[in-house]
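So that the names make sense, note that chain A is the first sequence line, chain B the second, and so on, each numbered from 1. Heavy atoms only: backbone and side chains are in, while hydrogens, waters and symmetry mates are out. Because the structure is predicted, anything quoted here is derived from the model rather than measured.
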Amino acid sequence: MRSFDERIAEINRRSDAILQRRKQQKKRFLTACVPLALCLVVCSAWVLPSIMPTRSNDPSGMPESVLDSDSQHSHTGMGAAVVKIQVSNGDTTQTHTDAATIQAIMAQFDLLDINSPLYDLPVRGEDDEIEPDKSASANGTTGGHIYHSTTAQYAITVTMEKGASVEYRLVGTMLYNKTAGTSSQLTQEQLQRLLPLLGIA
Amino acid sequence: MDNGASSYRRYLSGDEEAFHEIVKEYFDNLVFFICRYVHDVTIAEDLAIDAFTALVVHKHRYNFSVSLKTYLFMIGRSRALDYIKRHSKIRTVELSEVAEVASDEPSLEEMLLADTRKRAVNAALAQLNAEMRLAIHLVYFEDMSADEAAKVLKKNRKQVYNLLYRAKKQLHTILGEEGESIL
């Protein structure tokens with residue numbers, strides 16, 4: 001049997017050894033884990049922004065990528081998905097199926113800001129047809145071409161690959177997106193660019 | 001008597017002498033208790049030192065919900081069971097065991113069990129099974145309550161009462177009339 005002093009000394013020696021070992025383990029853990037954690041932080045900072053959707057200033061709080069995709073569906077930007085664009089003035093209809101023309105028209109639509117709320121869209125019934133351009137028909141030029149005038153109204157129907165369609169209405173210099181319920185005032189320059197593409201010029 | 005809690009509080013506040021008091025008070029009893037498991041006083045002493053070391057290293061594990069003595073015995077039991085698990089496959093005979101038998105010095109049991117009646121009970125305990133022996137040891141030799149013994153042995157109070165009841169019955173047959181007055 002150990003004496004009292006020997007017991008105390010042994011207890012102190014063992015506890016010191018354990019505390020020392022614990023300190024070493026802690027040190028080893030930190031040495032191993034801190035660089036690993038740093039690597040993880042750097043990697044995540046690098047990789048995550050490309051994975052995570054970016055936030056936008058939109059009051060709805062929707063990520064920009066989602067908004068972009070929404071706007072593509074409701075408005076334009078579906079150049080590849082759009083298969084047909086029909087332009088009608090109620091009397092005559094022109095159909096564009098050429099990919100280059102479609103892409104050019106959609107690119108013009110993309111440039112227009114039609115996110116303001118729809119407020120002064122002329123109210124029409126379902127069966128209402130757009131009045132034919134009287135001046136154009138008076139000139140006897142109906143049929144193959146639609147002639148533009150400042151008061152003319154055109155229905156532009158953009159048909160997607162899967163059959164969905166977006167309906168626009170061009171009234172004078174106002175372009176309405178009936179599907180999205182938005183409208184945009186076109187400048188003369190924008191109008192001059194858009195009309196030839198639609199075949200109205 | 002707070003069974004060492006106040007001494008341990010003093011030790012936590014930096015009084016080293018308080019720890020010496022705890023060791024003086026409980027070391028031999030703890031060795032005796034552990035000896036019931038390992039049947040070797042040297043190993044029991046070693047394990048008791050381990051238990052006290054745990055008290056020093058993990059200072060804030062003891063939350064004063066049980067007496068310090070109970071807590072120490074719980075650690076001691078745990079250490080003893082670990083030791084038995086580790087050494088169950090190898091049975092060794094320590095040289096110190098042989099030396100102790102040959103020695104003329106009084107053994108730990110002789111030192112702790114000065115009372116002849118307690119020595120008789122201790123001798124009779126060898127015929128009981130391990131659980132009964134431990135329950136009797138804690139209640140009879142260490143003056144623990146059934147609740148404290150239950151905590152040390154990791155049993156509920158009812159189980160400890162049952163063990164004590166059965167142990168008492170067996171001791172009665174072993175010790176005769178003397179066993180009746182025990183417990």
Just wondering, do A:Glu10 and A:Glu6 contact through their side chains at under 4.5 Å, heavy atoms?
-> no

Would you call B:Glu17 and B:Arg10 a salt bridge, taking side-chain N to carboxylate O under 4.0 Å as the test?
-> no

Pair B:Glu131 + B:Lys155: basic N to acidic O under 4.0 Å = yes

Between B:Glu142 and B:Val139, is there a donor-acceptor pair closer than 3.5 Å when you use the side chain of the first and the backbone of the second?
-> no

For chain A, which residues of residues 46-63 of chain B have at least one non-hydrogen atom nearer than 4.5 Å to it?
-> B:Asp46, B:Ile49, B:Asp50, B:Phe52, B:Thr53, B:Val56, B:Val57, B:His58

Relative to chain B, which segment of A:Leu19 carries a heavy atom at a distance below 4.5 Å: side chain, backbone, both, or neither?
-> side chain

If you measure from the Lys or Arg side-chain nitrogens to the Asp or Glu carboxylate oxygens, is any gap between B:Asp15 and B:Arg9 under 4.0 Å?
-> no

Is the NZ or CZ atom of A:Lys178 both under 6.0 Å from the centre of the six-membered ring of A:Tyr168 and within 45° of that ring's axis?
-> no

Side chain / backbone / both / neither for A:Arg2 at chain B, heavy atoms under 4.5 Å | both

Once the angle between the rings of B:His137 and B:Phe33 is folded into 0 to 90°, is it parallel (under 30°), tilted (30 to 60°) or perpendicular (over 60°)?
-> tilted

